[in-house]
Amino acid sequence: MMGAFQTGFGSIYWGHLVMWLIAFAFIYLGIARKNEPLLLVPIGFGMLLVNLPLGGLFEYAGGIPEGLLAKIFTYLIAGEIVPPLIFLCLGAMTDFGSLIANPKTFLLGAAAQFGVYFVLFIALLFGFSINEACAIGIIGGADGPTSIYLSAELAPHLLGPIAIAAYSYMALAPIIQPPVIKALTTKKERAIYMEPQLRDVSTLEKIIFPIIGVIVIVLLVPKSAPLIGMFMFGNLLRVSGVTDRLAKTANETFMDILTLLLGISVGASMPAALFLKPQTLFIFFLGIVAFAVSTAAGVLLGKLMNAVSKEPLNPMIGAAGVSAVPMSARVVQRLGQEANPNNFLLMHAMGPNVAGVIGTAVAAGIFLGMLG
Amino acid sequence: MVDWGFAVQIAMFGFLTVFVVLGILFFILWFLGLIICKITGKQNNKGIKGSG
């Protein structure tokens with residue numbers, strides 16, 4: 001009467017239990033600690049779902065996805081549709097005002113890509129191929145969609161761990177970045193006061209920037225077009241003043257839909273058999289090194305710019321050159337207030353933060369141009 | 001076998017290109033700000049540096 005009915009209990013092994021604990025940790029951080037809940041809750045739940053045996057949500061048959069989440073992951077995430085669309089939404093959410101008002105912060109966004117190249121070499125030393133090393137290195141940019149986009153092209157077999165590492169480190173920026181920043185700066189440097197008010201940026205400047213930006217970047221680095229093109233398009237929708245409906249849809253409803261699909265399917269890409277391998281754990285280790293080195297490089301250039309600049313520049317804003325928007329900028333704001341309660345660094349940190357998004361997409365485009 | 005020469009090439013070229021691309025954008029924004037500020041007369045060059 002029961003036919004082939006089978007419960008999942010008999011198929012549970014220790015690996016599933018470990019993954020449940022990790023999934024619980026993600027869900028806990030999201031709900032109880034409110035650490036990027038929009039990312040950590042779906043990722044954690046996806047991870048839990050895929051590690052409930054016999055559910056079949058992430059099953060493939062002969063390389064063809066059969067389970068629901070396997071289909072979403074394969075066609076939308078690994079198929080490189082969702083990452084550029086997320087860039088469109090990010091563009092619609094991004095205010096380039098602070099970057100336009102203080103363009104030198106572009107350089108901090110560039111410096112904070114150093115971790116990408118540093119870890120590329122470490123990964124090579126430990127036996128990863130050049131394509132794999134580049135895909136792992138890009139985690140240092142702390143940009144989830146870019147990491148997914150690049151690894152889908154260069155190292156699709158590592159897409160799951162790289163996506164999880166990139167999104168986890170983005171969400172955990174408030175835990176990872178402060179020790180690095182504090183190690184490289186004195187309290188006096190962290191207390192450096194910056195005028196809270198940047199100059200007013202006209203609408204004309206805001207409209208011209210995404211148009212000129214996309215022309216310059218895509219002509220220089222053509223393979224960055226899917227990411228940069230969508231990013232600048234989304235931003236033009238926001239600033240044009242005549243496409244408010246589209247911009248609103250992009251930065252609210254559409255972004256939510258994409259985040260849902262991405263979060264749960266990325267989490268589901270981590271079944272115990274894949275996750276609990278030395279190689280995956282090593283990718284996580286390399287990812288955190290890349291993120292920390294990128295943070296350090298941004299801070300060090302911030303110190304240099306402060307030394308040569310006529311106006312004071314709090315070196316901590318360099319740490320926001322990684323593309324974890326707006327988590328890194330918030331970290332800088334919090335540390336700035338701790339050191340000097342009169343300091344409001346958020347707007348200053350948003351400049352390098354959005355420059356970092358562009359920098360990471362450019363870095364990925366260069367990798368694709370040379371290896372893709 | 002890792003081709004270290006190629007790896008160095010990728011890393012050097014990549015990092016420098018990121019700086020060049022963002023550096024070009026920096027100059028474009030700087031000049032754009034300068035021109036717009038001249039036209040509108042609202043801020044001078046010092047304004048662009050963020051003094052408001």
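A note on names: the letters A, B, ... follow the listed sequences, proteins ahead of strands, and every chain is numbered from 1. Small disclaimer: the values here were computed from a predicted structure and weren't measured.
Residue A:Phe114 touches chain B through both its backbone and its side chain, counting heavy-atom pairs closer than 4.5 Å. Looking at B:Val18, both its backbone and its side chain come within 4.5 Å of chain A, counting heavy atoms on both sides. For B:Val8, the parts sitting under 4.5 Å from any heavy atom of chain A are the backbone and the side chain alike. At a 4.5 Å heavy-atom cutoff, A:Val116 makes no contact with chain B through either its backbone or its side chain. Residue contact with chain B, scored on non-hydrogen atoms closer than 4.5 Å, involves the backbone and the side chain of A:Leu107 alike.
Each of A:Ala133, A:Gly213, A:Gly359 has some count of heavy-atom pairs under 4.5 Å with chain B, and the biggest count is that of A:Gly359.
Residue A:Leu220 forms a side chain to side chain contact (heavy atoms under 4.5 Å, CB included) with just one option from B:Ile24, B:Leu25, B:Thr17, and that option is B:Ile24.
The number of heavy atoms from other shown groups lying within 6.0 Å of OH (A:Tyr193) is above 12.
Interatomic distance, CG of A:Leu120 versus CZ of B:Phe15, reported as 12.5 Å (0.5 Å rounding).
Within the 4.5 Å cutoff, the side chain of B:Ile10 has heavy atoms near those of the A:Leu371 side chain. For the pair B:Leu22 and A:Ile358, the minimum side-chain heavy-atom distance is below 4.5 Å.
Taking the six-membered ring where tryptophan is involved, the planes of B:Trp4 and A:Phe121 are essentially parallel, since the angle between them stays under 30° and well short of 60°.
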